[in-house]
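Worksheet: one structure, shown below.
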Amino acid sequence: MTNTPLQPERRIFLKAGAGLTLGMYIAPLSALASAPAQDFAPNAFVRVDPDGTVTVISKHIELGQGAFTGMATLIAEEMDADWNRIRIEAAPADRTRFTNLHLGSQGTGGSTSLANAYLQMRQAGATARAMLVAAAAAKWGIPATELKVAKGEVSDAGGRHKAGFGELAALAAQQPVPAKAELKRPEQFIFIGKKVPRKDSHAKSTGTAQYTQDVKLPGMLTAVVARPPRFGARVRSFDADRARGIKGVVGVVQAGDVVAVLGTGFWPAKQGRDLLQVEWDESQAVRVSSDTLMNQYRDLARAPGLKARADGDVDTALPALVRTVEATYDFPYLAHATMEPMNCVVRLSPGLCETWYGAQGHTTDQDALAAYLGLPPAQVRINTLYAGGSFGRRGNPKSDYVLEAAAIARAWAMQHEGQATVKLVWTREDDMQAGHYRPMYHHRLAGGVDASGKPVAWKQHVVGQSVVSTMPQYAMFVKGGIDPTTVEGSANLPYAIPHLRVEATTTDPGIPIQPWRSVGATHNAFATEVFLDELAVLGGQDPVSLRRELLAQHPRHRGVLELVAQQAGWEKPLARGKPGERRGRGIAVHESFHSYVAQVAEVTVKADGGFRVDRVVCAVDCGLAVNPDIVRAQMEGGIAYGLSAALYGEVTLKDGRVEQDNFDNYRVLRMAEMPAIEVHIVPSAEAPSGVGEPGTPVIAPALANALFAATGQRLRTLPLRSATLQPA
Amino acid sequence: MIRFTLNDKPAQVDVPGDMPLLWVLRDELDLTGTKFGCGKALCGACTVHLNDQPVRACVLPVSMAAGARVTTIEGLKTRAGKAVQAAWEKLDVAQCGYCQSGQVMAATALLSHNAKPTDADIDAAMGGLICRCGTYGRIRAAIHAAARALA
Ligand code: FES
Ligand code: FES
């Protein structure tokens, strides 16, 4: 998606004692108390305690991508803080202070965290530093210009005075907030661009990190729900007698389209849920099947669509070519399948709603809860906890699981004097069958090469659901009836092809969908990079040389292409396999979220057609790499996530029922299938861009191209496993 | 009443014998380091040690733990366990972290029985555990690093 950067909001610097922070920990009352008066809180993002602890308030959720460490790095850099004395808290929902400057609402997504916060957090840190220095200058009677700061200590040049941030906090709070604190020059950086250890590693290696699943509040009940068997089904009636007979089951309530069993813990609630007898009204239920839906998409792709791009005259150029190729590519629905199934804790009391969960779209959820409960948004408090993964699932524009938790709590509260504390816990099966998938898509392409083997015509039609249509807050991105995410990566194809047309047709089969790690790139990168490979073969061109030529006007695409080719040893032949084994390598290049990624995949295909991915070489240009090790980790993880989808990922519907429900029939990558991955970062002084998503979409086309190189067989349907390769 | 040894201390719970150990630990004994991922022995997030062997607590009826020694991530105090956690931190293995309690427990069990695991040993011992964040490469590297530290 194209992000329109908003002007950084006017800096809202609050003076000390503003009570800015809701805790990461489960301390609901103390968390609402004001910060002690001796604290120094020059702005919404940083606070210095008298003991010298620097608390960074992260407006971005930590869901694995390293945002906490990233925010802290930017602030620590400009403060010259001691990395070991920094702790991080998640910000509450508050659009006046914590808006994502690229999204326009408070939230984390679109790989924007570091990009939107890069200058804002540095400015916050620089302001804090200037005020601490001013405090020391006042205390010692020395001009601020003669003081230096290192590792959380201010000292004078002569070495007579020295004071830690904590000692200076109270005095710093009384200094005027500078209009604009000076930022460091890149050559002064001590943290940015270096391997700074992650702030969450210790908690996550010792089992002490707090997730929604771990929340326990006084009087809290756990809710496990019976969900509709098909999308759009409603509860007609239910019989909870047997469920109520389970020891530990406290109550059963209907909340919208689900029936919830409330228990003293998960196990009784789950047992009760399994004993519920629910009669569903399926008169409005969606009854589509994946195969019939794909057939409809195929028909739609043959008819004209809405034009997303039209260069030259493909209708005249294409039929005139001697060498042409047509191809269609099919993509299934995909579940996010985060490691932590969706869950949410809601506490209701008259006039107040408090929540604890991995909030990714804070203000979207806050507004939805406020509207549903009839409360002013300020009376909906969001305590953001670590999320056990998201990949797009927790930034849900419809706030589905959050509203479900609220509905259950409200139903319970109505019977209990307005009070309820409920933890909604989805089982893996609930999570996998609840929809909100990456949509199914079909791409139809035709193209051709001229006498010299150069691609000169490209016609593409993308058919599928509109992701943006599920996100009213981004409706302004829809142009001429076309959702840009449907065609992102295709409509802005970087290759110089004179006759190029991209069309889109939007469908609405009634299956709930939502962004999935890298959104439109998940399918457009595959269709375009595999089709380019098909054209290269048609024209007898080397896939790297051809891309190099067609990307002459796109230096950053070319930069990652050259780097990956060099690091993968593309010029040298690939080492041979054992007797009977066929080996091959493939390349793909794709830009998403303003970051450029190229990957070379190397595969070995066994005699029986089974294959493994041996090695992936990845080059990334994400502008200045604030934390190179986190960039590497996100590429590794993005490749693994993309590989899971490429090899196995497939949610299928039969007569409206989802056929997968757990990791046995929705397979994901496991240890033995993880390839060796090498990540190379393009040195860059450009502004940082995101890395959470851009590594994901590139691996599937690189893999399909590698399998073609090894076997001569072109796999065009995802997941790739379902099209078994022919034995040698 | 079901009694067992939990992290070197006596524990007793008054719950149905078929209640999975995972929910006894999490909901009855407030040890939430052990995670719920699938409930069907498919993901390994709930891995704990039963008499030093890795087991999936989500499918282990608590009655099977009666009289046994149960170790969770909160009680991991062995040399191998500490070496594994140190390697995990050093290499910044965790991303979202939700799978990592299970990974740390499984890796510790592996190193307790096999001081110098090969890549194939690691594939076998860790194959039942899923990491959706894709930290497998770092997990492998951290297990080798921990083995070296213990040598
Ligand atoms: S929760 Fe036990 S193996 Fe997944
Ligand atoms: S670190 Fe997120 S699932 Fe493993």
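Note on naming: letters A, B, ... go to the chains in the order of the sequence lines (proteins, then strands), and numbering restarts at 1 for each one.
Within the structure, every pair that satisfies the salt bridge (charged side-chain N to carboxylate O under 4.0 Å, His left out) test and touches residues 77-99 of chain B, not counting sequence neighbours, is listed here: Lys195(A)-Asp92(B).
One distance of note links CG of Leu63(A) with OH of Tyr98(B); it measures 14.5 Å at 0.5 Å rounding. To the nearest 0.5 Å, atom CZ of residue Arg132(B) and atom CZ of residue Phe663(A) are 6.0 Å apart. One finds the CH2 atom of Trp88(B) at 13.0 Å from the OG1 atom of Thr206(A) (value rounded to the nearest 0.5 Å). With rounding to the nearest 0.5 Å, the separation of OG in Ser205(A) from CG in Leu76(B) is 11.0 Å.
Heavy atoms closer than 4.5 Å to chain B are found nowhere in Glu673(A), neither backbone nor side chain. Within the 4.5 angstrom heavy-atom criterion, only side-chain atoms of Ser644(A), from C-beta onward, approach chain B. If you measure heavy-atom distances from Ile677(A) to chain B, you find no contacts under 4.5 Å at all. With a threshold of 4.5 angstrom between heavy atoms, Ala337(A) approaches chain B through its backbone and through its side chain. At a 4.5 Å heavy-atom cutoff, the contact between Asp200(A) and chain B is made by side-chain atoms alone. Of the atoms belonging to Arg140(B), heavy atoms from both backbone and side chain fall under 4.5 Å from chain A. No part of Gln65(A) comes within reach of chain B, as not one of its non-hydrogen atoms sits under 4.5 angstrom from that chain. The contact between Ala633(A) and chain B is made by backbone and side chain atoms together, counting heavy-atom distances below 4.5 Å. For Arg632(A), the parts sitting under 4.5 Å from any heavy atom of chain B are the backbone and the side chain alike. If you measure heavy-atom distances from Leu129(B) to chain A, the contacts under 4.5 Å come from the backbone alone.
When atom types are taken as modelled, the side chain of Tyr211(A) and the backbone of Lys35(B) share no donor-acceptor pair closer than 3.5 angstrom. Side chain of Asp664(A) to main chain of Leu42(B): no donor-acceptor pair is present (N/O by atom type, distance under 3.5 Å, no hydrogens or angles).
Closest approach of Gly389(A) to Cys96(B), counting heavy atoms only: N-CB, 3.2 Å. Nearest approach of Gly37(B) to Pro341(A), heavy atoms of both residues: O-CG, 3.9 Å.
Checked for salt-bridge contact, Asp30(B) and Lys216(A) meet the test: a charged N lies under 4.0 Å from a carboxylate O. We find that Asp123(B) and Arg670(A) are not joined by a salt bridge, their nearest charged nitrogen and carboxylate oxygen being 4.0 Å or further apart.
Residues from residues 52-65 of chain B never place a non-hydrogen atom less than 4.5 Å from a non-hydrogen atom of chain A. Contacts with chain A (heavy atom to heavy atom, under 4.5 Å) involve these residues of residues 16-23 of chain B, listed by number: Asp18(B), Met19(B), Pro20(B), Trp23(B). Among the residues in residues 105-121 of chain B, none has a non-hydrogen atom closer than 4.5 angstrom to a non-hydrogen atom of chain A.
In this structure, Met339(A) and Cys133(B) have side chains that are not in contact, with every pair of non-hydrogen atoms separated by 4.5 Å or more. Here the side chains of Arg26(B) and Phe266(A) are not in contact, with every heavy-atom distance at 4.5 Å or above. Contact annotation: the side chain of Lys204(A) never approaches that of Gln95(B) to less than 4.5 Å [non-hydrogen atoms, C-beta and beyond]. Within the 4.5 Å cutoff, side-chain heavy atoms of Arg138(B) are placed close to those of Glu636(A).
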